[in-house]
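Notes follow once the structure below has been shown.
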Amino acid sequence: METNTQSEQAVWQPKVIAFVCNWCTYAGADLAGTSRLKYDANIRVLRLPCTGRIDPLFIIKAFERGADGVLVSGCHPGDCHYNTGNYHARRRWTLFRELLEFVGIDLQRVQFAWISAAEGAKWAEVVNAMVAHVREIGPFEGYQIMLARSGQAAFQQMVGAKGGNGSGKGVPGALPVGRSGAE
Amino acid sequence: MAEVVEELRALARDLLTKGAVQVFVGYGEGSVPGRTAPTIITTAGRAGELVWNKHCLNNLAVYLTRNEVTKRGRVGLVVKGCDARAVTGLLQEGQATREKVVIIGMACDGMGEPLLEMCKHCDAHMPAGPGADAHHLACDYIIGKATAPDVAPEDGGACYADVAKIEALPPAERWAFWQEQFGRCVKCYACRQVCPLCYCKRCLAEKNEPQWLMSSAHAAGNFAWHVARAMHLAGRCVGCGACERACPQHIPLSLLSKKMAKAVLQHFKYRAGCDPAATPAVKTFDPSDKNDFFR
Amino acid sequence: MATIITAENLKQLASALLKAGYRVIAPAREAELTVFKALKDAREMLPESEYILPQASFKEFVFPRCECILRYRFGEDKLPVFESPNLDGEPQQAVIGCRPCDAASLPILDKVFGWDYVDPFYFKRREKTVVLSIACSRAGESCFCTAVGYAPDATAGSDILLKKSAGGKYVAEVLSDKGRELAGKFGSLFEQVEAAPPVEVAELKPAFAVEKIKPWLDAHFEDPLWLEIAARCMGCGTCAFGCPTCHCFDIVDEGDLSGGCRLKNWDMCSSALFTKHGSGHNPRTGQEQRYRQRVSHKFKYYLEKFGLRACVGCGRCSVRCPVNLDLCGVLKTIASKQA
């Protein structure tokens with residue numbers, strides 16, 4: 001939970017974005033809520049009609065915006081509200097994972113789940129496990145460093161000057177890195 | 001070689017004179033020794049400009065997506081076995097019509113002096129000719145005879161040796177490797193422009209409402225571009241190598257395309273551009289696709 | 001009297017400049033390419049004999065490929081705070097070992113960047129740049145500097161011009177106040193000799209008669225030759241980005257409600273969407289129109305406006321072009337068509 005107390009601002013909080021489908025996982029998350037199941041509030045949920053709608057670039061965008069982890073979840077195969085959306089998604093994610101791993105991204109930061117509307121408990125379990133894991137492996141510093149070298153630091157980066165530090169702090173007006181406490 | 005060139009020129013002359021094609025796309029002499037240039041002719045009189053040698057590197061299939069060429073009418077297109085796969089891809093994706101192209105398949109023993117690395121693993125030295133079955137793109141004409149033996153697609157894994165080298169690196173080193181490679185990118189989009197399968201009239205990279213990718217040539221923008229392009233081509237890229245050859249910054253783009261091709265083959269038993277009758281792997285699905293990485 | 005510098009002292013000069021806090025830009029190797037690099041160590045600098053031309057120009061040190069021109073963040077009172085990057089904090093720059101063609105691009109770029117708006121981003125960097133070129137002792141296969149009014153030993157844009165002489169020595173011609181200042185500051189690395197020794201300068205016959213180009217362009221806006229030439233063009237930016245005189249740029253904003261920046265990025269007129277208007281109309285939908293624009297800009301419009309052609313004949317565009325679209329060849333064709 002985010003408060004404005006000094007001590008809490010000093011502790012890093014992981015930012016995990018969840019792209020979920022409306023018909024299954026979102027409903028499942030809702031069920032977790034109505035069942036009063038506790039799950040980590042570091043998850044930020046984005047609702048889409050179907051996992052088939054989730055473009056791999058959303059994941060890149062999430063990392064660009066400071067996410068430390070991304071969860072993608074939808075209907076179980078065979079249960080897609082649009083019949084085949086999740087089948088296409090499954091193929092895409094199979095390939096996208098290989099690509100992300102190939103360029104050096106830790107796949108533990110990108111996780112996938114099938115969570116149905118009845119699986120409130122599973123939602124809570126998956127979220128808690130994922131956030132705990134991201135908390136353990138720490139912030140996605142690689143991406144933050146890459147961002148700190150971009151934007152206004154691009155020229156410095158090109159000429160080989162040391163542009164940007166790990167946290168992106170000290171670079172005024174840099175793209176948000178999610179941990180400056182100034183949100 | 002000389003007879004092949006003469007046969008090619010005679011064929012071009014014939015097709016243009018008879019009106020079988022209105023525009024002929026082949027290779028011509030480059031501006032310096034050791035290069036050829038795509039040569040687009042519309043009159044039989046210019047057939048003498050066509051050449052065929054070890055420097056015919058360009059994938060001319062890309063011209064089937066260029067309005068400046070296709071607006072002239074039926075296209076006579078010179079292809080090597082590798083380029084023909086791109087034609088297949090374009091046909092599968094409805095970007096070209098078979099009747100609007102006259103395909104001239106050139107027997108090829110490999111390009112480059114010294115021989116290009118990718119040519120060492122080629123299994124398409126002889127494109128399929130007229131009468132080939134529905135599972136092969138049948139060229140309308142075949143010129144020449146290949147002497148180099150075809151190598152089985154995976155060549156015992158040697159074809160993916162450079163991919164495997166990267167895969168074997170620890171993640172932090174893999175990340176550092178690509179940060180360095182992508183760091184040189186200047187966003188000239190030569191990779192995209194020469195690619196026959198990158199035919200979108202308005203690329204995702206050029207949209208700004210919303211902005212999908214940062215268009216700037218900085219670390220994050222370059223990363224997003226190359227990842228997006230690799231993903232958009234996954235299962236569609238035919239591995240012709242045009243992108244890597246076009247890149248002025250020598251970014252090893254073929255590593256990305258080969259990695260994706262390896263993944264597509266491994267997971268979906270599909271190889272882009274080989275079978276015109278096949279459904280592309282990323283266009284379809286199998287209910288029994290594996291999902292062991294899903295919780 | 002002549003001034004001499006040895007090849008070894010040239011390296012020492014690079015070293016001394018680095019020590020003195022200069023950004024030293026020189027041809028160096030990177031991923032099997034010869035590029036202009038901001039050196040970390042003078043030993044990275046390639047000996048002159050190992051290159052004719054780096055694969056791209058050094059323009060990105062006065063006109064960066066991606067440059068921040070403004071940044072913003074939201075202050076305590078929720079109002080935006082705008083800041084311009086402090087270019088006064090940029091170090092002095094020395095380009096060492098470029099060729100006369102690349103040096104000549106600077107007076108050309110000065111015109112457009114100093115035209116209706118004096119671009120501080122360009123000029124602040126330009127003012128801090130001193131150029132030490134090395135004349136070509138051999139011409140590249142694709143070079144055509146002599147056709148466009150330059151030469152393997154042209155002086156335009158150079159502050160000091162070195163000409164190769166026997167025994168690993170260069171004859172140094174100091175051409176400007178900046179050059180004088182540099183030669184003075186590091187005078188111990190230069191020596192004075194009685195007579196100038198013989199120098200090796202390449203000979204390059206002009207590939208075409210450049211005075212024929214503009215008259216043809218004036219009268220052949222709709223010529224079918226444009227489609228013939230440009231049908232092959234892929235519309236990428238390889239030529240523009242390597243070109244020493246190309247200067248088109250795009251302004252993009254990156255950021256969100258917590259902060260961001262406005263960037264000036266290289267752009268390319270060959271791109272299909274280059275002239276797409278906000279209305280949706282695009283006056284240049286065909287590659288032949290875009291290629292016509294490219295050649296006309298360099299050999300007609302720029303000449304009319306600024307009295308200089310926007311081309312130094314380095315030939316990089318042809319070398320880098322994935323489809324070997326040879327500008328020199330195009331100009332030869334045009335010249336031959338013009339009486």
Side-chain angles (χ1 to χ4, degrees), chain B residues 23 25 27-42 46 55 57-58 60 62-63 66-69 71-72 180-181 184-195 201-203 206 208 211 214-222 242-243 245-252, chain C residues 30-33 35 55-56 60 64-68 140-142 224 227-242 250 252-254 261 263-268 270-273 276 285-289 291 315-316 318-330:
Chain B
V23 58
V25 181
Y27 302 93
E29 258 183 40
S31 63
V32 292
R35 281 199 85 166
T36 58
T39 297
I40 298 160
I41 59 175
T42 51
R46 289 186 60 193
H55 305 291
L57 297 174
N58 291 81
L60 302 177
V62 68
Y63 289 105
R66 303 286 298 179
N67 190 46
E68 290 82 8
V69 172
K71 72 180 182 186
R72 309 284 209 148
E180 195 190 309
Q181 303 302 320
R184 290 199 302 282
C185 179
V186 286
K187 294 290 188 74
C188 68
Y189 296 119
C191 51
R192 176 187 75 187
Q193 296 302 116
V194 297
C195 176
K201 288 285 175 269
R202 192 156 168 228
C203 174
E206 281 159 348
N208 67 357
Q211 186 97 39
M214 291 189 273
S215 58
S216 307
H218 52 46
N222 293 348
C243 52
R245 287 190 294 271
C247 177
Q249 306 295 90
H250 286 198
I251 298 170
Chain C
E30 189 179 288
E32 299 133 40
L33 294 166
V35 297
Q55 58 105 18
E60 60 181 334
R65 71 177 81 141
C66 172
E67 177 171 33
C68 173
E141 285 178 315
S142 305
L227 182 56
E228 220 181 281
I229 299 169
R232 154 200 313 174
C233 173
M234 296 270 81
C236 69
T238 310
C239 53
F241 289 13
D250 182 33
V252 302
D253 291 337
E254 286 178 5
C261 54
L263 301 171
K264 187 178 171 203
N265 296 332
W266 287 353
D267 206 350
M268 59 242 203
S270 44
S271 154
L273 297 179
K276 184 155 181 135
T285 47
Q287 200 65 50
E288 72 277 11
Q289 295 167 300
Y291 195 72
R316 276 188 185 97
S318 314
V319 171
R320 288 164 58 105
C321 178
V323 295
N324 196 208
L325 184 44
D326 178 31
L327 178 62
C328 183
V330 167

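The chains referred to below are lettered A, B, ... by the order of the sequence lines, with proteins before strands, and numbering in each begins at 1. Computed over heavy atoms, backbone and side chain alike; hydrogens, waters and symmetry mates excluded.
The CZ atom of B:Arg66 lies 13.0 Å from the CZ atom of C:Arg232; values are rounded to the nearest 0.5 Å. From B:Lys187, atom NZ reaches atom CG of C:Asp267 across 12.0 Å, with rounding to the nearest 0.5 Å. Atom OG1 of C:Thr238 is separated from atom CD of B:Gln193 by 9.0 Å, given to the nearest 0.5 angstrom. Here the CZ atom belonging to C:Arg65 is positioned 10.5 Å from the SG atom belonging to B:Cys188, to the nearest 0.5 angstrom. In this structure, the separation between CG on C:Leu263 and CE on B:Met214 is 9.5 Å, given to the nearest 0.5 Å. Atoms CZ and CE, on B:Arg192 and C:Met234 in that order, are 12.0 Å from each other to the nearest 0.5 Å.
Between C:Glu228 and B:Arg46, at least one side-chain N (NZ, or NE/NH1/NH2) sits under 4.0 Å from a carboxylate O, which counts as a salt bridge.
Counting heavy-atom pairs closer than 4.5 Å to chain B, the top-ranked of the candidates C:Val323, C:Asn265, C:Leu325, C:Val35 is C:Val323. Chain B forms more heavy-atom pairs under 4.5 Å with one residue of C:Glu288, C:Gln287, C:Arg320 than with any other, namely C:Gln287. Chain B forms the most heavy-atom pairs under 4.5 Å with one residue out of C:Gly286, C:Cys239, C:Gly235, and that residue is C:Gly235. Most heavy-atom pairs under 4.5 Å with chain C: of the set B:Gly30, B:Ala246, B:Pro38, B:Ala37, this distinction falls to B:Pro38. Taking B:Lys201, B:His218, B:Arg245, B:Arg202 one by one and counting their heavy-atom pairs under 4.5 Å with chain C, the maximum is reached by B:His218. Of the listed residues (B:Arg72, B:Gln181, B:His250), the greatest number of heavy-atom pairs within a distance under 4.5 Å of chain C belongs to B:His250. Of the listed residues (B:Ala217, B:Ala242, B:Pro252, B:Cys247), the greatest number of heavy-atom pairs within a distance under 4.5 Å of chain C belongs to B:Ala217.
For C:Ala272, no part lies near chain B; criterion is any non-hydrogen pair under 4.5 Å. Only the side chain of B:Val62 comes within contact range of chain C, with at least one heavy atom under 4.5 Å from a heavy atom of that chain. Contacts between B:Thr36 and chain C at a heavy-atom distance below 4.5 Å involve the backbone alone (N, CA, C, O). With a 4.5 angstrom heavy-atom cutoff, C:Thr285 touches chain B only via backbone atoms. In this structure, chain C has heavy atoms under 4.5 Å from both the backbone and the side chain of B:Arg184. Looking at B:Tyr189, the atoms closer than 4.5 Å to chain C (heavy atoms on both sides) sit in the backbone and in the side chain alike. In this structure, chain C has a heavy atom under 4.5 Å from the backbone of B:Cys185, while its side chain stays farther away. Only the backbone of C:Cys233 has a heavy atom closer than 4.5 Å to any heavy atom of chain B.
Other residues, nucleotides and ligands place more than 12 heavy atoms under 6.0 Å from the CD atom of B:Glu206.
When all heavy atoms of B:Arg35 and C:Val319 are compared, the pair lying nearest together is NH1-O, 2.9 Å. Between C:Phe241 and B:Val186, the shortest heavy-atom contact is CE2-O, 3.0 Å. Considering all non-hydrogen atoms of both residues, C:Glu254 and B:Ser216 come closest at OE2-OG, 2.9 Å.
Under the 3.5 Å distance criterion, with hydrogens and angles disregarded, a donor-acceptor pair is assigned to the side chains of B:Gln249 and C:Gln55.
Annotation: side chain of C:Glu141 is in contact with side chain of B:Pro33 (closest heavy-atom distance under 4.5 Å). With a 4.5 Å cut-off on side-chain heavy atoms, B:Val194 and C:Cys236 do not count as touching.
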Between C:Ser142 and B:Val32, does a side-chain contact (heavy atoms from CB on, under 4.5 Å) hold up when you go through it step by step?
CA-CA 7 Å; C:Ser142 305; B:Val32 292; 3.7 Å; yes
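Between the side chain of B:Asn58 and the backbone N or O of C:Pro322, at least one donor-acceptor pair lies under 3.5 Å. The backbone N or O of B:Ser31 sits less than 3.5 Å from a side-chain atom of C:Asn324, completing a donor-acceptor pair.
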